[in-house]
Amino acid sequence: MARNSTRYVCQSCGAIYPRWAGKCDACDGWNSIVEEAATTAAPIGGKAAARGDGKRRRIEFVPLNGSAKPAPRRLTQIAEFDRVTGGGLVHGSALLIGGDPGIGKSTLLLQVVAALGDKARCAYISGEEAADQVQLRANRLGVANRPIELAAATDMRDIIATLDTPDHPEFVVIDSIQTMYIDALESAPGTVAQVRACAQEIIRLAKRRGFTVLLVGHVTKEGTIAGPRVLEHMVDTVLYFEGERGHQFRILRAVKNRFGPTDEIGVFEMTDRGLAEVPNPSALFLAERQGEVAGATVFAGVEGSRPMLVEIQALVAPSPLGTPRRAVVGWDGNRLAMVMAVLEARCGLQFGGNDIYLNVAGGLRVTEPAADLAVAAALASSISGRPVPADLVVFGEIGLSGEVRPVGQMEARLKEAEKLGFAGALLPERRKGAKGAKSSGGLKLHELRDLGGLTRMFEPGSGPIRIVGRA
Ligand code: TYD
Ligand code: MG
C-alpha cells in the first residue's frame with residue numbers, strides 16, 4: 001500500500017513535492033520544504049481516488065428546499081462572543097481561534113467554557129500549560145467552581161480515545177492545536193503534517209459524535225494561523241483575537257463563518273480578572289481624547305452591524321531623513337499613500353520632506369474605505385496646525401479624482417455620533433437633500449462633494465473652522 005513512505009511538504013503553505021527543493025513553487029518560500037512521513041489518513045483525492053477499482057456507490061441528489069432544520073446553537077451569554085459567532089456556538093461544529101501568543105486566547109476560551117459549564121458538559125484540554133496553571137488562572141478569573149473537566153494532554157490519539165464515547169462532553173477546547181501530535185508521524189508537533197492530521201482527526205470525531213470543538217491556533221509572524229492555511233479550510237468558523245500589545249482592548253473578529261456573518265466584531269477589555277465585555281465601544285475608544293488638537297479627528301465607522309466611533313490621529317513633521325518615514329498603525333498603508341496622493345494632486349497640499357505618522361487610537365484596526373475622509377481631515381489639520389472641532393465626526397470615501405463618495409449606513413453613523421454628544425458631521429453629499437450645511441436631528445451636517453471643500457476649511461485666513469453648532 002505504502003509506495004512512498006515519505007514526502008516533502010512546504011511548512012508555510014502545505015504544498016506537497018516528491019523530492020526536496022530549496023524553494024517552494026507554490027508560495028515562493030525559501031527553505032520551507034521538509035521531509036515528512038506520509039500520513040496514514042490518505043489525503044483527499046489521494047490514492048483511493050486514482051484507484052478506479054471496485055463498485056462505486058451512486059451519490060444521492062436532493063432539492064435545495066430540504067427539510068433540514070438549522071443546527072441547534074448554544075448561547076454563551078457572553079454577548080460580544082455570541083455576536084461574533086453569529087448567535088451562539090453550533091452543535092457539531094469546529095471553531096478555530098487564532099491570535100498572537102499572549103493576546104488572551106486561553107483566557108477567553110476558559111471564560112467561554114466557564115459560562116457554558118452550568119448548562120452543558122465542557123472539557124478543556126491544555127497542551128501548553130499544566131493543569132495547576134490552568135487552575136490558577138481559573139481562580140484568578142473567579143470561575144474555579146464551575147464544573148469544567150480539565151486535562152493536560154498532547155497525544156491526539158489519547159484524546160480521541162477519551163472523547164469517542166457516547167457520554168462525551170458537548171464542548172471541547174483544544175489549547176493549542178500546535179502542541180498536539182500523533183505518534184504515527186515522525187515530524188515534530190506544530191509542523192504542517194501534525195497540525196493537519198491532529199485537526200482532521202478531532203474534527204472528524206466532533207462531526208461524528210456531534211460535539212463542538214474549539215481549537216486554539218497560534219499566528220505566525222506573517223499573520224496567518226501558524227503555518228498551514230489548510231486549518232482554515234477544515235473548520236467551520238475562524239475567529240481572530242487581536243489587539244495592540246500595551247492596549248487593554250481586544251477585538252474578536254470573524255474571518256470565516258459557515259453559520260453567520262463575517263463582519264461582526266466583539267470588543268473586550270483586559271482586566272486583572274479576565275476579559276470584560278465592552279457593550280459600548282465608541283465611548284471607550286473616545287475616552288482618552290485630548291480635546292482640540294491639530295491632527296486628531298473622530299471617524300464614525302461601522303463594524304458589522306454596529307457603529308463605532310474612533311479617533312484617528314495624524315502627525316506631519318519635517319523629516320531629517322532623505323526618504324521620509326510613513327508609519328501607520330491600525331490602517332492600511334497603501335490607502336494612506338492614496339489619500340496623500342489625492343491631497344497633493346487635487347488640493348495642492350505638500351507632504352514632501354515630511355514624516356507622516358497615522359494612528360487609530362485604542363488599538364482598533366480600521367478596514368473601511370469610509371475612513372478616507374477622516375484620514376484626509378487629520379492630515380490636512382496636522383499640516384496646517386488648525387484643529388478639527390472636537391464635536392465633529394467625519395466619514396466618507398475618497399476617489400482618485402478627489403471626489404467624496406457616499407458610504408453605507410450613513411444614518412447609523414450619524415445616530416451614534418448624536419448619541420455620544422457630537423454636534424456635527426462632515427460627510428459625503430447624500431443623494432436627496434439640500435447642499436451644504438443642513439441639520440438632521442441634533443446634528444448639523446456639512447456635506448462635501450470633493451476634497452477641495454475639505455482643504456479650504458484648513459487654509460490660513462479662512463477664519464475658525466466652525467461649521468457646526470446645534471441647530
Ligand atoms: P493568555 O490567555 O494566556 O494568552 P494566549 O492564550 O493567547 O497566549 O493571556 C496572556 C497573559 O495575559 C496571561 O498572563 C494573563 C494575562 N491576561 C490578563 O491579565 N487579563 C486578561 O483579561 C487577559 C485576556 C489576559
Ligand atoms: Mg494560551
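Counting convention: from 1, in listed order, for ligands and their atoms alike. Positions are given from 1 along the sequence.
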Where do L96 and L239 land on the side chain to side chain contact (heavy atoms under 4.5 Å, CB included) test, with the steps shown first?
-> CA-CA 6 Å; L96 177 66; L239 309 180; over 6 Å; no
In a simple table, one pair per line, please give the protein and ligand 1 atom names for every N or O pair closer than 3.5 Å, along with the distance.
from: ligand 1; atom 1: 2 (O); to: S106; atom 2: N; distance (Å): 3.4
from: ligand 1; atom 1: 2 (O); to: T107; atom 2: N; distance (Å): 2.9
from: ligand 1; atom 1: 2 (O); to: T107; atom 2: OG1; distance (Å): 2.5
from: ligand 1; atom 1: 3 (O); to: R137; atom 2: NH2; distance (Å): 2.7
from: ligand 1; atom 1: 4 (O); to: G104; atom 2: N; distance (Å): 3.0
from: ligand 1; atom 1: 6 (O); to: S106; atom 2: N; distance (Å): 2.9
from: ligand 1; atom 1: 6 (O); to: S106; atom 2: OG; distance (Å): 2.6
from: ligand 1; atom 1: 7 (O); to: I103; atom 2: N; distance (Å): 3.4
from: ligand 1; atom 1: 7 (O); to: G104; atom 2: N; distance (Å): 3.0
from: ligand 1; atom 1: 7 (O); to: K105; atom 2: N; distance (Å): 2.8
from: ligand 1; atom 1: 7 (O); to: K105; atom 2: NZ; distance (Å): 2.8
from: ligand 1; atom 1: 8 (O); to: G102; atom 2: N; distance (Å): 2.7
from: ligand 1; atom 1: 20 (N); to: T271; atom 2: O; distance (Å): 2.7
from: ligand 1; atom 1: 22 (O); to: T271; atom 2: N; distance (Å): 3.4
from: ligand 1; atom 1: 22 (O); to: T271; atom 2: O; distance (Å): 3.3
from: ligand 1; atom 1: 22 (O); to: G274; atom 2: O; distance (Å): 3.0
from: ligand 1; atom 1: 22 (O); to: L275; atom 2: N; distance (Å): 3.3

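- Donor-acceptor pairing under 3.5 Å is recorded for the side chains of D355 and S319.
- In this structure, E368 pairs ionically with R413, as a charged nitrogen and a carboxylate oxygen lie closer than 4.0 Å.
- Ring centroid separation for the pair F285 and F249 comes in under the 6.0 Å cut-off.
- In this structure, CZ on R137 lies 7.0 Å from CG on L141, to the nearest 0.5 angstrom.
- Distance alone, capped at 3.5 Å, places no donor-acceptor pair between the R306 side chain and the N280 backbone.
- D175 and K105 are not joined by a salt bridge, as no carboxylate oxygen comes within less than 4.0 angstrom of a charged side-chain nitrogen.
- Here 1 is the count of protein N, O or S atoms positioned under 2.8 Å from the Mg ion (ligand 2), waters not counted.
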Starting from the C-alpha separation in whole Å, work towards a yes-or-no answer on side chain to side chain contact (heavy atoms under 4.5 Å, CB included) for V235 and L95.
-> CA-CA 6 Å; V235 297; L95 203 110; over 6 Å; no
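- Electrostatic pairing of E269 and R250 does not count as a salt bridge here, judged by no charged N lying under 4.0 Å from a carboxylate O.
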